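Below: the structure, in structure tokens.
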Amino acid sequence: NRSIPDLDEIKAFHNELNDTFKPVFILYCVTGLRARELLTLTRDCVDEDLRCIYPALHDADSQTKHAYFTFYSEEFERVYGSPVEYMPFPCYRRVIDEFKRASSTCNISITPQVCRQWFSTTLALQGVNSDIINLLTGKVPGSVLAKNYLTFTPQAVKPIYDAVRFNIM
């Protein structure tokens, strides 16, 4: 049974980070992107009008990952603007080193994977359907209905995402 940090721990960790890494951390928390997916985003991956992010395509042979979209929060946009303003992001090793430093200093162990788990858990606790969570986190849908019959567009999913109200800062 893994331990997911609560909102106070997420805030404490955010406050401990060096300023360069704060927007990266918040993006991990509010997008559900995998560690390298976030760090390899380009300007072409971001639709600022919808606050939508389209990660790079995965290997066509992947059994668990597929192309998808997710969003960044209104709070991120209000505080930091667009993710494009922080591109290129720091390299993976620098992010991991800073997360380790902050984890050690505030005694809260957080990695990009933990942020992804926190994102999924937060959505689930707000009543978001698991097919939508799978979509936003780039997982292959689990249900026959979602695999074969449902089509989700960013315009249809955005109100569901926005209703969650990620308020971290």
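Predicted model, so just to flag it, every value in this text is computed and none were measured.
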Within-4.5 Å side-chain heavy-atom neighbours: [X] and [Y]:
X      : Y      : value
Arg51  : Val46  : no
Leu123 : Val164 : yes
Thr70  : Cys52  : no
Ile110 : Phe25  : yes
Ile10  : His14  : no
Cys29  : Phe166 : no
Lys158 : Phe71  : yes
Ile132 : Asn129 : yes

Could you check whether any side-chain N or O of [X] sits under 3.5 Å from a backbone N or O of [Y], counting only pairs where one atom can act as donor and the other as acceptor?
X      : Y      : value
Ser103 : Ile108 : yes
Tyr80  : Val24  : no
Tyr72  : Ser82  : no
Thr121 : Gln117 : yes

>> I need the single residue from Arg93, Arg94, Arg101 that forms a side-chain hydrogen bond (donor to acceptor under 3.5 Å, both in side chains) with Asp97. Which is it?
In response: Arg93

For the residue pair [X] and [Y], what are the closest heavy atoms and their distance?
X      : Y      : result
Tyr54  : Pro154 : OH-CG, 3.4 Å
Val114 : Pro5   : CG1-CD, 3.5 Å
Ala35  : Tyr28  : O-OH, 2.8 Å
Gly138 : Arg34  : O-NH2, 3.4 Å
Lys22  : Leu17  : CE-O, 3.1 Å

>> I'd like to know whether Ile96 forms a side chain to side chain contact (heavy atoms under 4.5 Å, CB included) with Thr111, so could you lay out the CA-CA distance, the side-chain angles of the two residues, the decisive distance to 0.1 Å, and finally the verdict.
In response: CA-CA 7 Å; Ile96 296 306; Thr111 64; 5.7 Å; no

> Counting only heavy atoms not in Asn18, do more than 12 fall under 6.0 Å of its CG?
Replying inline: yes

Distance, nearest 0.5 Å, that separates [atom1] of [X] from [atom2] of [Y]:
X      : Y      : atom1 : atom2 : value
Ile4   : Thr122 : CD1   : OG1   : 8.5 Å
Leu50  : Gln155 : CG    : CD    : 5.0 Å
Met87  : Thr42  : CE    : OG1   : 6.5 Å
Thr20  : Glu98  : OG1   : CD    : 8.5 Å
Cys115 : Leu27  : SG    : CG    : 10.5 Å
Ser120 : Leu136 : OG    : CG    : 8.5 Å

> Should the pair Arg165-Glu74 be classified as a salt bridge under the 4.0 Å nitrogen-to-oxygen rule?
Replying inline: yes

> How far apart are the C-alpha atoms of Arg116 and Leu33, what are their side-chain angles, what is the distance that settles it, and do they pass the side chain to side chain contact (heavy atoms under 4.5 Å, CB included) test?
Replying inline: CA-CA 7 Å; Arg116 188 170 158 78; Leu33 290 170; 5.8 Å; no

> Side chains of Tyr68 and Glu37: donor-acceptor distance under 3.5 Å anywhere?
Replying inline: yes

>> Centre-to-centre under 6.0 Å for Phe13 and Phe99, is that the case here?
In response: yes

> Between Tyr92 and Arg36, is there a cation-pi geometry (under 6.0 Å to ring centre, at most 45° from the normal)?
Replying inline: yes

>> Working note: Leu135 + Phe69, criterion side chain to side chain contact (heavy atoms under 4.5 Å, CB included); need CA distance, chi angles, decisive distance, verdict.
In response: CA-CA 7 Å; Leu135 171 82; Phe69 59 86; 3.5 Å; yes

>> Let's go through Thr31 and Phe119 carefully: what are the C-alpha distance in whole Å and the side-chain angles of both, what is the deciding distance for side chain to side chain contact (heavy atoms under 4.5 Å, CB included) to 0.1 Å, and is it a yes or a no?
In response: CA-CA 7 Å; Thr31 64; Phe119 173 78; 5.6 Å; no

